[in-house]
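Side-chain atoms are counted along with the backbone in the values below, which use heavy atoms only and exclude waters and symmetry mates.
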Amino acid sequence: MVSFKENLGKELRRVSCPSVYVPVGHTFYSWYGGNGLKTYVDLPKLPKPERICTSIVSKLQSLHVAYKDTELVDFKWAPCGHTGFSWMQARKTLTRLDKAVAANKLAIKMKTKNRETYRCINMYKTSLKFHEGYAFAWFNLSSILFTLAENLKSIGNVVFEQILEASLLCMERAVLSKPDFVAAQVSLSAAYLRQRKLQDAILVCENALAVDCMKSEIHYNYAVSLRLMHRRRTSISVTQKYLQAISHTDLSMRPIVIRNVVPVLQDYKGEVHVVCIKWGKKYGSEYVNKLGSSIRRNLKTRNFRLHCFTDDPDGIDEDTLIHSFDKYEKYIDDSIAWKGWWYKLLVLFHRELKHSLLVCSRIPCDVPSSSGEINAKAVRVVYIDLDTVITGPLDDIFSYAGEFGLLSTDNFENEAAVKGGYNSSMMIFDAGFGVEILDTVKKIGIGNVNSFVHRMDHWLEIMVENADFLQNIFPGQILEYRRDVTNNEVPPNGRIVNFPLHPKPNHLINKQWIKQNWR
C-alpha cells in the first residue's frame, strides 16, 4: 500500500515539475506552466529533435516573464517510443503556500475516490501545517468533519458532538483567514443556526451580503435567523429592500390587507372545491385517493368536489377531477423555476383558477374567462397538502367564511419560534382572491424571487397582511404530528393532522390511528 508520505511526495513532485509535451512534426506545442495554465508555443516544423529542443527552450525562456516563479533547468531530449512525443521538465521552487495547495488538492482527490475519511482529514491537516492561513483547507476540513459527525450521529455514536464542534471551529478559521470567502460564511451561518447562535449567524450573514448580495443561501440563513430572533417583520422588510433594488418594484405597501373582522362560523353553506397538488415523485396516487375518501367520510353538511393538479394522473380515482399544469405554465416565462411549493402559488392565485374549477366541474359559466368575471357566484376553495391525515368531522373548519385563512407557524414544532408566521399546508379562500400575489412574482421574475425568498409561505407574508389563522378560529382541531400526537393518540377534538417534515403518513402505516383514518 502506498504510504501517506509517498502520496504527498508524488503530488508535490507533480506540481514542482510540470512536463512539456512535444508532439514531433506538429506546428503547435503546449506547455503546462507551474501555475496550471496551458500555453501554446508556435514553432516551425523542424526535422531534428535537437533543434526542436533548442527552439522550445528559447521559446520558454521568452515566456519566463509570464511565469516568474518557474525556473527552467536540465532540459533533455527523451524519446517516448513510437508515440512521437517527447518530454522535458521545468522545475519550480515551491513556497509553503504551494505545498499547502498541493496537499489540499490531493485530499480532495482522495475524497472523490471514496478513500478513507481519516486519511483525507490527515491530508487537510498536513496542508494546514504547510500554511496555517490557507482558508480552503480549513473549509474542506470543516466540511469533511461535519459529514463524519453526521454519520456518527446516525449510528448513535456520542462522539459526534465533539466533531461537530471541531467542524465549527475549522469553519470559523476559514472565514477569519479569508473574510470575503462567501461559501465559508454560508456554512458558518448554517452551523450557528443549528446551535441557535442566532446573533452570530446574523452577523456572518450581514458580512457575507456586503461581499455578495445575490448569494441565495445567505439570504435564506439571514431570513431564518431573523425569524428565530422574533424579528419576522425585519426579515420581510430586508427581503423587500433587495427585491425592490433588483426589480424596481415597490413592495413597501403590501397589496392585500385582510379586514380585521372575526369570521362568522357556519356562515358558508355552499359547495366546496377541495384542491390538492401532486407534482413529481414525492407522493403517489394513494395520497390523493386517501385524501378524497377521508373527506367523504368526514364532511356531512355540504357537497364538495376534489380537484387534483398533477403532472401524472395515473392511479388517481375516477371521481377526482384532474387538471394539467400545462395551461398554467404557458402563462409564465420560466416553468423550470416554478417547481415544488411554488406550484401552489402558480395554481391557487392564478386568474384562470375559477374558470378551471367550474369548467372541470361542468358548471355553466355565465361569460368566457377572457372577459373577466365568469360567474357571479363565489367558488369556495379549500387547499389541503397531500401529507395530511383527516381524523374527524370537517364541517366546522369548512364553514370558515373569512376572506383568507391559513395556518400559523406558532403551532408547528419546527417553526414554533417564529411567532405569527404563515404556513400554507391548508388555506381557505374564494377563487380569484390574491391574483396580485402571483402577478407580482411574474413582474419581478421567479428567478429573482427564488434568490431572496426561499419558501412560498414567506412570500405570502410579504404580500398578505393580517391573514386569519385557522387554528385560532377552530382551537384544538388542526394539529401537527410531532407536537400534538403523543403516545400515538390523537387528541379527542383533533380533526386534521399535518406532517410538515419527517415522518410522513406512509412511514407510520402500522400505527393504529393511521390505519383507522388514512384509508
Side-chain angles (χ1 to χ4, degrees), residues 255-256 258 268 270-279 288 291-292 295 302-311 313 316 319-335 337-386 388 398 400-407 422 424-443 446 449 456-457 459-460 462-464 467-468 470:
I256 304 174
I258 305 301
Y268 184 78
E271 184 177 60
V272 173
H273 294 262
V274 179
V275 175
C276 64
I277 296 176
K278 186 180 87 70
W279 172 81
V288 180
L291 178 63
I295 296 174
R302 56 183 50 77
N303 296 327
F304 82 96
R305 298 173 190 262
L306 178 62
H307 301 260
C308 181
F309 290 78
T310 181
D311 58 348
I316 297 177
D319 54 355
T320 299
L321 302 174
I322 302 297
H323 300 254
S324 170
F325 288 122
D326 295 343
K327 67 170 68 177
Y328 294 93
E329 290 182 342
K330 71 180 181 181
Y331 292 102
I332 58 180
D333 297 328
D334 185 7
S335 60
W338 288 89
K339 304 305 182 187
W341 48 45
W342 291 102
Y343 262 134
K344 285 189 194 179
L345 206 73
L346 181 60
V347 169
L348 298 177
F349 303 109
H350 202 286
R351 293 181 181 274
E352 291 288 321
L353 176 63
K354 185 175 183 181
H355 182 262
S356 297
L357 297 179
L358 291 178
V359 170
C360 197
S361 303
R362 298 183 179 178
I363 299 175
C365 300
D366 293 345
V367 293
S369 63
S370 59
S371 64
E373 288 298 325
I374 55 179
N375 198 309
K377 185 178 180 180
V379 175
R380 196 62 167 171
V381 174
V382 176
Y383 170 80
I384 302 178
D385 272 355
L386 285 176
T388 301
F398 277 45
Y400 165 75
E403 190 175 357
F404 181 61
L406 77 176
L407 305 185
Y422 292 177
S424 63
S425 297
M426 183 176 187
M427 294 181 282
I428 305 179
F429 54 94
D430 285 341
F433 167 85
V435 293
E436 303 95 330
I437 298 172
L438 177 59
D439 290 346
T440 306
V441 172
K442 291 161 67 176
K443 182 177 181 180
I446 183 62
V449 173
M456 191 207 80
D457 300 349
W459 182 250
L460 290 177
I462 293 174
M463 296 299 297
V464 182
D468 292 322
L470 297 175

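Taking both residues in full, the closest heavy atoms of V435 and G432 are given as CG1-O, 3.5 Å, listed atom of the first, atom of the second, then distance. Nearest heavy atoms, F404 versus A467: CD2-CB, 3.8 Å. Between E403 and D468 the shortest heavy-atom distance is N-OD2, 4.3 Å. For the pair D430 and A378, the tightest heavy-atom approach, listed with the atom from each and the gap, is OD2-CB, 3.8 Å. Scanning both residues, L386 and I277, for their nearest heavy atoms gives CD1-O, 3.4 Å. What you find for V288 and L306 is that their closest heavy atoms are O-CD2, 4.0 Å.
Here the side chain of R305 pairs no donor or acceptor atom with the backbone of L357 at under 3.5 angstrom. Of the possible donor and acceptor atoms, none in the side chain of W459 sits under 3.5 Å from a partner among the backbone N and O of W342. For S356 (side chain) and E352 (main-chain N/O), a donor-acceptor pair under 3.5 Å exists by modelled atom type. No donor-acceptor distance shorter than 3.5 angstrom exists from the side chain of T320 to the backbone of H307, with no hydrogens or angles considered. Between the Y383 side chain and the L406 main chain, no donor and acceptor come within less than 3.5 Å of each other.
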Exercise for the section: Start with the C-alpha gap between V381 and F433, add the side-chain angles, then the distance that decides, and say whether side-chain contact (heavy atoms from CB on, under 4.5 Å) holds. Expected result: CA-CA 10 Å; V381 174; F433 167 85; over 6 Å; no
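Aromatic ring centres of Y343 and F309: separated by at least 6.0 Å.
Proximity of I295 to I384: side-chain heavy atoms (C-beta onward) are separated by under 4.5 Å at one or more points. At a threshold of 4.5 Å between non-hydrogen side-chain atoms, the residues N303 and V272 do not count as touching. Counting heavy atoms from C-beta on, the side chains of I316 and T310 come closer than 4.5 Å. Side-chain contact between L348 and M427: present, with at least one pair of heavy atoms (C-beta onward) separated by less than 4.5 Å.
With sequence neighbours excluded, the residues forming a side chain to side chain donor-acceptor pair (under 3.5 Å) with S424 are K344, D457, listed by chain and number. Residues meeting the salt bridge (charged side-chain N to carboxylate O under 4.0 Å, His left out) test with D439, sequence neighbours left out: R351. With sequence neighbours excluded, the residues forming a ring pair (Phe, Tyr, Trp, His ring centres under 6.0 Å) with F349 are F429, listed by chain and number. The side chain to side chain donor-acceptor pair (under 3.5 Å) test applied to S425 returns D385, N423, not counting sequence neighbours.
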